[in-house]
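Quantities reported herein were computed from a predicted structural model and do not represent experimental measurements.
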Amino acid sequence: MEAQSQSNNPNPNPNPHRNNSVASSMPLWPTIDGPLGLSEEESVGYARRFYTFGFALLPLLWAVNCFYFWPVLRHSHSFPRIRPYVVGSAIGFAVCATLLSSWSLTFAIGGERLFGPVWDQLVMYNLADRLGLTGWS
């Protein structure tokens, strides 16, 4: 009986993409929230805006772009219209994070030993004293 029902089924494999590793590795949605998120057309606009506004000294938007469009970043052959913006955001965020980290570590580790007498002019905690903002009267 079961052999007869299988012969009536034109597609014996109910999910033909399950065994195909290339098709199963391609994401169906460009965003991390899947079908609840944006369509591919809307995603192009959002990815472009996040990428462009990241140049306005808002590298956090580049990080948001990479996070939200993670399926595009993870799969190299998916969504070719969105991918340049997401990869550009990843590169921009990596560069900004590297520069910010090296700058902050230079001040935290080096401090007065590294900068010498100029240190008093560089640190912000002396700014209130120099401007006379520390007194309440």
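- By the 4.5 Å heavy-atom criterion applied to side chains, Phe50 and Trp62 are not counted as neighbours.
- Cation-pi geometry between Arg49 and Tyr46 is satisfied (NZ or CZ under 6.0 Å from the ring centre, within 45° of the ring normal).
- Put simply, Trp103 and Phe115 are part of the same group of oily side chains (I, L, V, M, F, W, Y) that touch within less than 4.5 Å, one to the next.
- Closest approach of Tyr51 to Asn65, counting heavy atoms only: N-ND2, 3.8 Å.
- Note: the hydrophobic cluster containing Phe93 also contains Phe55 (ILVMFWY, side chain heavy atoms under 4.5 Å, direct or indirect links).
- When hydrophobic clusters are built by joining Ile, Leu, Val, Met, Phe, Trp and Tyr residues whose side-chain heavy atoms come closer than 4.5 Å, directly or via intermediates, Leu60 is not grouped with Val87.
- The aromatic rings of Phe107 and Trp119 lie tilted to each other, with the angle between the two planes from 30° to 60°.
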Going through the checks in order, is the side chain to side chain contact (heavy atoms under 4.5 Å, CB included) test met by Glu41 and Arg81? CA-CA 9 Å; Glu41 295 300 320; Arg81 291 176 40 206; 3.0 Å; yes
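- In this structure, the side chain of Arg83 does not engage the main chain of Ser78 through any donor-acceptor pair within 3.5 Å.
- Taking each heavy atom of Leu99 and Ser102 in turn, the nearest pair found is O-OG, 3.0 Å.
- Between Ser43 and Phe79 there is no side-chain heavy-atom pair separated by less than 4.5 Å.
- Considering only heavy atoms from C-beta on, Tyr68 comes within 4.5 Å of Leu38 through its side chain.
- Contact between Ala47 and Tyr85 at its shortest, heavy atoms only, is O-CB, 3.7 Å.
- Grouping the Ile, Leu, Val, Met, Phe, Trp and Tyr side chains by contacts below 4.5 angstrom, directly or via other members, places Trp70 with Ile91.
- Within the 4.5 Å cutoff, the side chain of Pro71 has no heavy atoms near those of the Trp29 side chain.
- In this structure, CD1 on Ile82 lies 10.5 Å from CD on Glu42, to the nearest 0.5 angstrom.
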